[in-house]
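Data block below; observations after.
By convention in this document, chain letters (A, B, ...) are assigned in the order of the sequence lines, proteins followed by strands, and residues within each chain are numbered from 1.
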Amino acid sequence: MQIENIKNWLKINLFSSWYYSLISIIIIYYFLLIFPKFLDWAVFNATFIGNEKSDCKSSGACWVFIKVWFNKLIYGFYPEKDLWRINLSFFILIFTISLSFFIKDKFKIYILFFLILIFPIIAFVLIKGGFGLEYIETREWGGLSLTFILTFFGIIFAFPLGILLALGRRSELFFIRYFSLLFIEFWRGIPLITVIFAAAIMFPIFLPQGLNVDKLLRVAVGIAIFESAYIAEVVRGGLQSLPKGQYEAAKSLGMGYWKMNFLVILPQAIKAVIPGITNTFIALFKDTPLIILVGLLELLGMVNLAKSNSYWLGLAVEGYLFVGIIFWFFSFILSRYSQNLEKKFSSERY
Amino acid sequence: MSEKIIEFRKVNKYYGKFHALKDINFNVNKGEKIVICGPSGSGKSTLIRCINGLEQHQDGDIIVQGNVVEKTLKNIEVVRKEIGMVFQQFNLFPHLTILDNCALAPTWVKKIPKKKAEEIAMEHLKMVKISEQANKFPGQLSGGQQQRAAIARALCMSPQIMLFDEPTSALDAEMIKEVLEIMIDLAKAGMTMVVVSHEMGFAKTVADRVIFMDDGKIVEIKKTKEFFENPENERTKLFLSQILK
């Protein structure tokens, strides 16, 4: 019975015609050719134990490299004794997000409120210092934790700003409409690299003497503004998909502009464009390595640094593979989460 | 002379160069039921939508309950809060349950506590006979049920006036009846109603006066009985003979 099922499955999915059979065989052939070699390199011949490069004597991957550099890849040059501060911040973040899966819908608004308004302050104080905690300069931040900080900052900043810009672009007020339009088209029209360079190098030139804004903050704001233009266009797509009747119904019930938009229009528009928003957030997450250009080292930057360490030369493949897996893993989580949301909302409207 | 609740004084409206409403003059008294009919494109929807400022007029005065509907729509919310409106396409909010659809505006616009607003919503849903659907989403209801929910939603704001913009035109024949029944109940309860409709049976049953519009003008405005028994204008006669066939 079981074998019969498998046979059927194979027949339907892989060998339904001579043409498909040929394609299947070619794919399976190359898979068998490459995958065992990859496994040999990544697992069977790889070195996991040891503390230095000389421990890697086999022909496989040298995972010792990742192991030794692990803390640096995750935390950058953050002082070892203060690592708990980063860990605690991320623990709070993950805890609140997981909590949102278990509580009733009507309390979720408080979690959102906490994540957008309160958590950033807590995390900032924890990681940067203050209130009795030692100050740690942002140039010591780095690694995967910096990737997350930038992504999180980007999302909570770009999302509301993007929504306002999308509304602004459809506003009836001349100046607001054209300001939004210009703003969006300007930021969409320049490459992110330019934004990062400008924020890190050009911007300080225009600041008055003595005023100094932290480089990481400048870059983070630059990235967030850049992404907000994309969010704005995605949200605008959602706004345009709504029938005029929704606006009229809200107006006829006595709602003003803000109530109409926040209670009736935006909830529907945003639900309609969840895939586009997720897309933008994943792009934001994967764009963060660009900050390497101005000397800020997040995960990829740290790997670059590690592999050019004279003692560890020649281990780029392991490093990049590690980075790739990490980026893929978190992008995948984001994407699954958004699919979940889509499913949940689609059941509401039929 | 009873109290005027809606007043149109020489109202003109243009869409670009198109003259949509031409010198509209009429009053609606408190508690009165008015049915507006006329061929499509005659301006009846435009007229009713000017009452709560969904369309802006360019000339003349519209006064609702003593408040002027400003041509710039300044402070229009004050006027709108007192006017309920029911649309041809229902326009329920698809992301909210029927109950939330009804309780939304009372909670946020009238600042009634949520619990209380939901109680009020439930009462009105009972009145339109769909209280058992309260926790469903609009997409799960039939057209007739949706339109009744939309009526309940409008009533939850305790309006002084109800506007109906072709409320049964998007419905199948068997659903038209259930919606009209609710509207008749509402009329009996003394609500001031302005209804754009082709349902002449409904007009005969509840309307105090009927307005016939054509080409952006009010052609004839008469007590219901007189309107149907001896229309004066040729166009009215033609229209009635076509629609009552």
Between A:Gln268 and B:Pro94, the two heavy atoms sitting closest are OE1-CG, 3.1 Å

Among residues 100-124 of chain B, those lying within the under-4.5 Å heavy-atom range of chain A are B:Leu104, B:Ala105, B:Trp108, B:Val109, B:Lys111

Bottom line for B:Phe87: the part with an atom under 4.5 Å from chain A's heavy atoms is side chain

Heavy-atom closest pair, residues B:Glu77 and A:Gly256: OE2-CA, 3.4 Å

Are more than 12 heavy atoms from other residues, nucleotides or ligands located less than 6.0 Å from atom CD of A:Glu172? no

Okay, side chain of B:Gln89, backbone of A:Pro243: is any donor-acceptor separation there less than 3.5 Å? no

Working to the nearest 0.5 angstrom, can you tell me the gap between B:His95 NE2 and A:Leu263 CG? 7.5 Å

So, the part of B:Ile76 with a heavy atom under 4.5 Å from chain A: the answer is neither

Just wondering, more than 12 heavy atoms not from B:Tyr15 lying within 6.0 Å of its OH? yes

Can you tell me if A:Arg170 has over 12 outside heavy atoms packed within less than 6.0 Å of its CZ? yes

Rounded at 0.5 Å granularity, tell me how far CG in A:Leu242 sits from CZ in B:Phe93. 11.0 Å

Does any backbone or side-chain atom of A:Lys259 lie under 4.5 Å from a heavy atom of chain B? Answer side chain, backbone, both or neither. side chain

Residues of residues 141-160 of chain B under 4.5 Å from chain A (heavy atom pairs)? B:Arg153, B:Ala154, B:Met157

Sorted by chain and residue number, the ring pair (Phe, Tyr, Trp, His ring centres under 6.0 Å) partners of A:Phe330 (sequence neighbours excluded) come out as A:Phe148

Of the listed residues (B:Lys81, B:Glu82, B:Arg80), which shares the most heavy-atom pairs with chain A below a 4.5 Å separation? B:Arg80

NZ on A:Lys251 to CG on B:Asn91, rounded to 0.5 Å: 12.0 Å

CZ (A:Phe179) with more than 12 external heavy atoms under 6.0 Å: no

Flag yes if more than 12 heavy atoms outside A:Tyr257 fall under 6.0 Å of its OH atom; otherwise flag no. yes

With a cut-off of 6.0 Å (strictly less than), are more than 12 heavy atoms of other residues, nucleotides or ligands near CD1 of A:Ile333? yes

Residues 43-54 of chain B: residues contacting chain A (heavy atom under 4.5 Å, by number): B:Arg49, B:Asn52, B:Leu54

